[in-house]
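Sequence lines set the chain letters: A, B, ... in the order given, protein chains first and strands last, and positions in each chain run from 1.
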Amino acid sequence: MTKKVFRIHNEGALNHDWFSSTEINSNLIDSIPTDSGDGKKLPTSIPSPFARIDLVRTAFLKVADGDLEGLERNGKATATDNHKLVSDALDIGQILFNYDKHKNDLQLIAWDKKDSLTKLLNGNAKQKHLGKTLQLFLEQDRTQYNFNQFDKIYILKYKYKIIGGTSPRTLFFAAPNPEETQISFGQDMMLDDQLLPLYRRNKEYIKYLYSLSKTVNNFNENFPEFNSYLIQTISKLRSYDVQQHKELQDLDCNAYLTSLSDVVFNDNTGSPINVIGGVPLKQFVINPGDINSDFAIKTTKQITGYIPLVLPIEPLNLRYKYTEDQWDVNTEVPAEDNRSLETRTLPAQGDKYPYLTMNDFLTDSIVKLPYEIDSNNFITVGSKKYLLPIKEEFFKYFSVEDIANKGLIQTSDLAGGSVEVRLDIPIKNGNRITYKKIYFPRKTVGNQNKDPKKGVIIEKSFALSLYPRVKSSETPISYSVGIAELSIPNNNELLETKFYNSVSTQSIPFSHKAKRAISPIQTEQTIIEERFDIIQVTVGTVKNIIIPIWIDYTGNTGDSYEFTIDFGTTNSHIEYKIDGQGAEKAFDITKNDEQISFLMPTPNELQLRLDEIQDVLDLETHLTQEVLSRHFGDGEIRNAPFRTCLVQNADINFAQPTNILTHTNIGFDYEKRNIRGYLKIFTDLKWANVKENNVKRVEQYIEQMLVLCKNKVLMNNGNLKNTKITWFYPVSMTTYRLNSFRSIWSKMFEKTFGKGSDGLLCYPESIAPFYYYKANENINTHAKPSVSIDIGGGTSDVMIFSDGEPNLITSFKFAGNSIFGDGFNGNIRTNGFVQKFYERFQDQLSQNDLLAEKLILDKIYNENASSVDLVNFLFSLKNNKILNDKKIDLDFSRMLNDDNDLKIIFLLFYSSIVYHIAEMMKIKGMEAPRNILFSGTGSKTLSILDSDNKLGSLKKLFEAIFNEVYQDTTSKIKLKASVNPKQITCKGGFYIDANLNINNHNDLVEFNVGNLRDQKIQKRTQAHADALKNNNIDKTFREGVVENVENFYDLFLKLNKSLNFKDEFGVSISSLRIFDEIKSDDLDNFVMAGLEVENQDSNEEESLSETLFFYPLIGKLNELATTINENKE
Amino acid sequence: MAKLYVFGIGGTGSRVIKALTMLLASGVKLSNGFDTIVPIIIDPDTANGDLNKTADILFKYQNIYNDVGTDNSFFGTKISTLCQLTDNNVSNISNNFKFNVDGSGQKFGESIDYNGLDDENKALIDLLFSKENLDADMTVGFKGNPNIGSIVLNKIVDSGEYREFTNSFNEGDAIFIISSIFGGTGASGFPLLLKNLRQVDPNVINSNIISESNIGAVSYLPYFKVSEQHEGERTIDSSTFFSKAKAALSYYEHAIFENKSIDAFYHLGDNSDNNMPYAEGKGEQKNNAHFLEMAGALAIFDFVDSINKGDYSIKEFGIEEYHKILRFDNLGANTKQKISRPLSKLSLLQRFLEKSMNPLLNSRGNFTRKIITEKFYKQDFYEDNFSKFMNYFNEWLNEMENNDISFAPFHNNQDHDKIMNFIIGREPTSNIFSNKAKGDIIIKGLDKEAHSGVFDNEETAAQFLKIFDTVLEKEINKILN
């Protein structure tokens, strides 16, 4: 006999019939066996519109009574319906606790117990009915659900869909089947299927709920189920997180709540939200300063403000701390965030805090070159063919050294022409966040790549030069960056450059920028006066960077450098000497001290066969011509001495700011390489009128020479402060011109070396050669005078050294150009030398396929139309590297040597000079000299007359001239000349007596006026009372000059008989005959023409500045060459 | 004399009222001065088969009651419609026992004008109700979503019927509410109705009296299952019956029991293996009568008994001895005492009329000859009402027998000769000389009573019923004692 009660629960007595039984309470209800559900199909059998509030209430109670986890069956994680309800409710609470962070995705709606209900009750029948029903439940169930204690239910929307709201009984609850959000806290995505108990949630959130429970009046009475759950949570924390548990025990709950911000409705700070009266909704607004994340960028720079986080865009499955919680591998970080750094909010987490992502660092396109970048001079990665696709932003945090030393960027080529760029950004925990971006060829992705994770490869060919390649914190350096590219019409992808340093992300302004070549090749030089670390190259809209590897000048303790610079009429020369390192030598740039760097390294044989390399090489020659070649000196195309030639932009306007390398530069290529059409050549620098443009040209020419010297010191880590520069001036220069030169030199010296003119010395050109010979050629200078004759292009300078010091200096404009030039009225088409050899050289060059050289030749002939330039070019071919390399011998000197017709010109030239000096020395009462020392480019023609090293024939000739003038027979002269006579001046500069007082050298400058009737030596200084002035020169005076010339002719012809010029020098009889025929014609005319030229530089009241003796000869030598050439067979 | 308003909500409500009617017909009486039952069936599923059958049974009961007069044992308690309670001939009030709940054919969202709501109210609805709730078609009830029902059913208070109810309510009257907790309609209707009853609303006449009145209720926890076949394809899902019941019960705990808004709460349920074929409302929903529905009907009598005892009570129902098939002797003593005699008596009547009609008509005794002639059985009272009610009664008993748990106190298929053997375990001891089971005993008794003339002043129908009552009472007493 078993009794049965009809029930499904397991509580209460067993009795029969209808009997009074046990209370229906939660024990009884619990004893009804159910499966616990999966949280998705929740019972809706609660007969109240507020059923969900009750469901959640029950859920908190059940979970608090059971297991917080919901881990129930066989160790399998099984969440019950109740766990789902609790977790979702806690999610809603946590979203509200972080409301402002996710404000953009959230909306709040307030359902007002009074107003909203009134609206319903005043509505249509259906609404009224709904209102009445709600009212009934709010009233009847008021005590059970605290309906009497709330004014509003706040309803939370996520992306305009309702997800939950405040609950007057459990603080929060979720709507039925709320959509999963993208909001996560730590690894917990809100409202997803993963359930999370409170004790494993954000610490601040726990603190907040705990504080509410401790401070709100009657919390347990109003929220008993939630409070039970909280108590369970705290108890669980005691073992789960001791620290947190202790923190809660010690927490000043009132203070903590006060420290939180209100959640406000409609942005109205006057409307804080209450769940029920006295229970405010608070939110945690993290103080960005408190963020202490593993992802904080590990910058090597000082940054102001909050340290940005560097977040991975690929799944990162490592236990890194995000802001509060561990990084969730599923957190999605956009590859690109278009908000400004300050306004960014952290992905998934929502805090307003700066973070960085891939495209903050990597550009959307990468520039690919047809060549491999020179890794000696520039930082390269991977296959070396790419510019670095790094944005300016990167350098807010890192320096270029970080790239170079830490290998932060790498590339690897992929199949199909793509390239992967890996950028590593160091973060606080010592690791790096790696961004990988694949750039695809433009043809595969097109121009409209929208995927921020992909990039585009832009192929571009261009050449880039950087000059100089040295950096220094000791001295300012002016840099020139050259770009050359093919200019394609209507192509808007021409390059632009910007410069940055590692300190600031502001671009460094350039001081000058000029396009030099325009079309078809375009070149641009930019001058930057500050040190920079980064060259940003813009191709169209694509910005990539190039990072130079600088030679670091630490200097000022290194060797002392001394330079001597001979700024000549035709050629200029620089010698240098390093203290304690042997003899002086011609300026050079070797492999060890290259001053310029090019983006493309010197190609090897194999590369040279490639068209694209050839194209770049062609671009590079433009830059070389505009700036400098890698190497310079012996065995190179370009070497010293070099032509005194400035090239300038065709469109240059000196009225506007101009600069070396952007607007002008030394034409090292002149007569060696074809000077491109966009550059205009100026060779007349030294003696050109002292006018604005000419002064600027001279300034810039001198400046570039000084820059070469400075960079030489810097490249060799020499002592810049101790650097000495010696320059020379011709004594024949007017004081006005000389003063002008002095000021140019000191101005340029100061500009280049940045200090006073202490290291700048100058000497007359005339004295230096003597000191060279004295020091190096073991000559006797004590008993008798020595005569040093320096024959340049325009002037010949003579110095007579006696009694242990320079005694007399004289100078005249009778020099190389007097032989090869066009006299007073001639031109290139009448010039005997040119006419005789031009066609011959044309043929030779053509036959030997030397088209570039032939082009230069024709250009000089047709465009410059300068006989001197043309002849200089012919001379230069002997040492032309290209001809030498091809073993082609075109020796103009030897041709002249073989030409007996023209030899008389040279003989007349030297004889007249020695005659003039002898006459002068005799007037001065000097002994005949023991030594005659030749220097200067012009003196190269000595070998035309006498190819014997010891110059025996000339020695005889000169001794005879002195004997004739002195009416003596005892003259014994030692002749010295050099194969590199141009260099002698510079070299001599190093040996001039330190004690030599050169300040009053003008007192030494005298000249023999050249009048046979009125023999007179005149000082150059104007102070002299009885000095001859320009306006003293009358017809009578001129006749005296002509008589002197005729006197020389007589002596010359007399010596022909005694020495036999045909035998001694190979002078042809026909040429002697022609000379004899025309020697006296138009001599006075020539004197007048000479005076006219002289007066261009001075006025009539000024003293005469040189002898008039050579004026007739200048005209006559030119005429003679023409006539001889015209009379040839 | 007082009235008891019995609200039967949903299918279970209908079936318990049916059981109540059967008990009243068989002679179970209310105590405590209650003489009238006002059954009110609330079911938005107006096509529900259970509902319509119950309404028909009530209608026939009324007709029988009206014809046989008061103070009978059989059909002795007055059952009234709301309409019959008032003098006013109010239009739009159905003169039956059904509450009209408007809203069928609509979706829940439409019924509350969801699309026309202002933003705040719309948001609140979205917060409280799922999209499935809003889209639920309410033609067939609330499909286990009492949260919807709690709103929709509240229309009853706006109805004319409810007004009739409140108007007719007098002090001393009481209310009893029948519902199931695990389904749709009942679960939502009960607390809702209760809240309305307890609400004092100046606009509702007598609401002050009603709110103070005695209110009892019986709630059914799950006591049957829906057929397991095709599970997952239907909206009513018996596997969630228990969890729904728990959730609802948990709500009751707070919303009803804690504030003692009910005077007596009866609850019952069973872990039965009993499957009902699945039917989603409408005409198909005709569930077999169940023993526990009769138990629920008995709760009404118990409630009436307990009124004015001042005890707030929760009650459960038990039996003395559990078997899969129940006989009278297995029941609790009170139950057995209360129902065995009336049920047996009416059952014997039903059997006799079915099995012994020919012997009766052929007996030519006083009863047939003088009082209840053959013509009587062709007349409206008998043909349209009484015999049909008897059929319902027989069907009701059969259904309870065939259900699980089976309530089977009677044998089946006895013929006239053994008719008195019908109570299982109470078969009269017969011998070859005296067949105590024979129906002729009853015929003799009828003739004897007819001859006595005690009921001669009664109408034919009353005579018919009262004579049978007297005779069967004696015979049943012999059998049961």
Undergrad: What part of A:Asp115 lies closer than 4.5 angstrom to a heavy atom of chain B: side chain, backbone, both or neither?
TA: neither
Undergrad: Can you name the nearest heavy-atom pair linking A:Phe147 to A:Lys113, along with the distance?
TA: O-NZ, 2.5 Å
Undergrad: B:Ser313, B:Pro191, B:Ala123, B:Ala255: which one forms the most heavy-atom pairs within less than 4.5 Å of chain A?
TA: B:Ala123
Undergrad: Can you tell which part of A:Asp54 gets under 4.5 Å to a heavy atom of chain B, answering side chain, backbone, both or neither?
TA: side chain
Undergrad: Can you tell which part of A:Leu134 gets under 4.5 Å to a heavy atom of chain B, answering side chain, backbone, both or neither?
TA: side chain
Undergrad: For A:Lys128, which atoms come within 4.5 Å of any heavy atom of chain B: side chain, backbone, both, or neither?
TA: neither
Undergrad: Taking B:Ile319, B:Leu268, B:Leu128 one by one, which has the highest count of heavy-atom pairs under 4.5 Å against chain A?
TA: B:Ile319
Undergrad: Go through the atoms of B:Asp126 and report whether side chain, backbone, both or neither lie under 4.5 Å from a heavy atom of chain A.
TA: both
Undergrad: Name the option with the most non-hydrogen atom pairs under 4.5 Å to chain A; the candidates are B:Glu253, B:Glu316, B:Glu120.
TA: B:Glu316
Undergrad: In terms of heavy-atom proximity below 4.5 Å to chain A, should B:Leu249 be classed as side chain, backbone, both, or neither?
TA: both
Undergrad: Measuring heavy-atom distances to chain A, does B:Asn259 have an atom under 4.5 Å in its side chain, in its backbone, in both, or in neither?
TA: side chain
Undergrad: A:Ile109 versus chain B, heavy atoms under 4.5 Å apart: side chain, backbone, both or neither?
TA: side chain
Undergrad: Where on A:Ile153 is there a heavy atom nearer than 4.5 Å to chain B: the side chain, the backbone, both, or neither?
TA: side chain
Undergrad: Would you mind checking which part of A:Ser20 comes under 4.5 Å of any heavy atom in chain B, side chain (CB onward), backbone (N, CA, C, O), both or neither?
TA: both
Undergrad: Heavy-atom cut-off 4.5 Å, strictly under: side chain, backbone, both or neither for B:Phe291 against chain A?
TA: side chain
Undergrad: At a heavy-atom separation under 4.5 Å, does A:Ile162 approach chain B through its side chain, its backbone, both, or neither?
TA: side chain
Undergrad: Please determine, among B:Ile112, B:Leu124, B:Leu117, the option with the most heavy-atom pairs under 4.5 Å with chain A.
TA: B:Leu124
Undergrad: Taking only residues two or more places apart in sequence or in another chain, which ones pass ring-ring contact (aromatic ring centres under 6.0 Å, His included) with B:Phe328?
TA: B:Phe407, B:Phe410
Undergrad: At a heavy-atom separation under 4.5 Å, does A:Ala125 approach chain B through its side chain, its backbone, both, or neither?
TA: neither
Undergrad: Count the heavy-atom pairs under 4.5 Å between each of B:Glu258, B:His267, B:Arg198 and chain A, then report the option with the highest count.
TA: B:His267
Undergrad: Answer with side chain, backbone, both or neither: which region of A:Leu28 has an atom nearer than 4.5 Å to a non-hydrogen atom of chain B?
TA: side chain
